[in-house]
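Just below is one structure, and these are the notes that go with it.
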There are 2 protein chains.
Amino acid sequence: MADDLRHQLMTLPPSDPAVDRLVEEIIGRVADKWTMLLIEVLTEQEVCRFSELARACEGISQKMLTQTLRAMERDGLVTRTVYPVVPPKVEYRLTDLGLGLAKAFCGVWLWAEANREAIEAARAAYAAAQEEA
Amino acid sequence: MADDLRHQLMTLPPSDPAVDRLVEEIIGRVADKWTMLLIEVLTEQEVCRFSELARACEGISQKMLTQTLRAMERDGLVTRTVYPVVPPKVEYRLTDLGLGLAKAFCGVWLWAEANREAIEAARAAYAAAQEEA
DNA sequence: CAGAATCCCGTTGGATACTG
DNA sequence: CAGTATCCAACGGGATTCTG
């Protein structure tokens, strides 16, 4: 099974070194805690206001919220719509690009969920092996 | 299309708040630059020595290499085999768990590769919109 | 309400030197 | 070769305050 998987994986990426660097940069940019959380929230609720995101994310500072949203906007993952009213109202929603990323990350999410116990078991085993030495 | 995708995504995760936290922690642990790179390298070449990984990763310090490999070992993603010879020889290889993660991450990798130009275009557009204001 | 600005601290992570 | 240990700079990111 492992060999099948390996072969399947190896045949997929064309592996262009120049492209790789950019891809790595994009992944580094996109694969952080808050970006993932925001994508999840915006997948569950299509359109969100700033304060809704702040509440849904629980634990995020508004500095990081603003910062992360700006970066996502910059990368074309979300759209930001400002309504010129008082008090201000700003709506965020995923673009198709962002939705595509959500779908791609879904695999990782499911993997983490499916293998959570296996990881915890591995950690316990590792810890046990350590203190015996 | 966007709605199809959204519906597909929403129906997938059971969304247990307690489990979610652990999953987030796992993703935070696992979704960093070096872990992803090492997984890629170990997918392409099944078994690697420490120095091979150091060369393949290009840019990683041996501190981060050691640290990342230990964390991956702890989480059961790689096995570490020490051969009691001089000079020392240590081999690393992905476990089935690690291979599964590789597969899951593959989707993100492909997405980044496929949408690289779209992201660069979005960045250019954002920059243009900025300096006009 | 949605942010911008400032201050500040902890952690990350690189460079270097040493060891079995 | 495959690390460990130490030092130090940079950055991430939280708390707080202020504004349109």
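A, B, ... follow the sequence lines: proteins, then strands. Residue 1 opens every chain.
- Between the A:E120 side chain and the A:E117 main chain, no donor and acceptor come within less than 3.5 Å of each other.
- The phosphate of D:dC1 (OP1 or OP2) has no side-chain N or O of B:R49 nearer than 4.0 angstrom.
- If you measure from atom CG of B:L69 to atom P of D:dA2, you get 11 Å, rounded to the nearest angstrom.
- Of the candidates A:L94, A:I39, A:L42, A:L99 forms a side chain to side chain contact (heavy atoms under 4.5 Å, CB included) with just one, namely A:L94.
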Summarise protein proximity over nucleotides 8-20 of chain D in one line of letters, 5' to 3': B for base, S for sugar-phosphate only, - for none, counting protein heavy atoms closer than 4.0 Å. -----BB-BB--B
Below 3.5 Å, can you tabulate the donor-acceptor pairs from side chains in residues 67-77 of chain B to any protein atom, sequence neighbours excluded?
unit_1	atom_1	unit_2	atom_2	d
B:T68	OG1	B:M64	O	2.6
B:D75	OD1	A:R123	NE	2.7
B:D75	OD1	A:R123	NH2	3.3
B:D75	OD2	B:R29	NH1	2.7

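- Taking CE from B:M36 and CH2 from B:W109, the interatomic distance works out to 5.5 Å, rounded to the nearest 0.5 Å.
- Note that the first and last nucleotides of DNA chain C, 5' to 3', having any atom under 4.0 angstrom from a heavy atom of chain B are C:dG13 to C:dG20.
- A:A54 and A:I60 get closest at one heavy-atom pair: O-CG2, 4.2 Å.
- Taking CG of B:N115 as the start and CG of A:D96 as the end, the distance is 10.5 Å to the nearest 0.5 Å.
- Phosphate proximity of D:dG3 to B:R80: present, with a side-chain N or O under 4.0 Å from OP1 or OP2.
- Residue-level contact check: A:Y92 touches the backbone only, with heavy atoms under 4.0 Å from sugar-phosphate atoms and none from bases.
- To the nearest 0.5 Å, atom CZ of residue A:R55 and atom SG of residue A:C48 are 9.5 Å apart.
- Distance check: A:L53 CG to A:L37 CG gives 11.0 Å after rounding to the nearest 0.5 Å.
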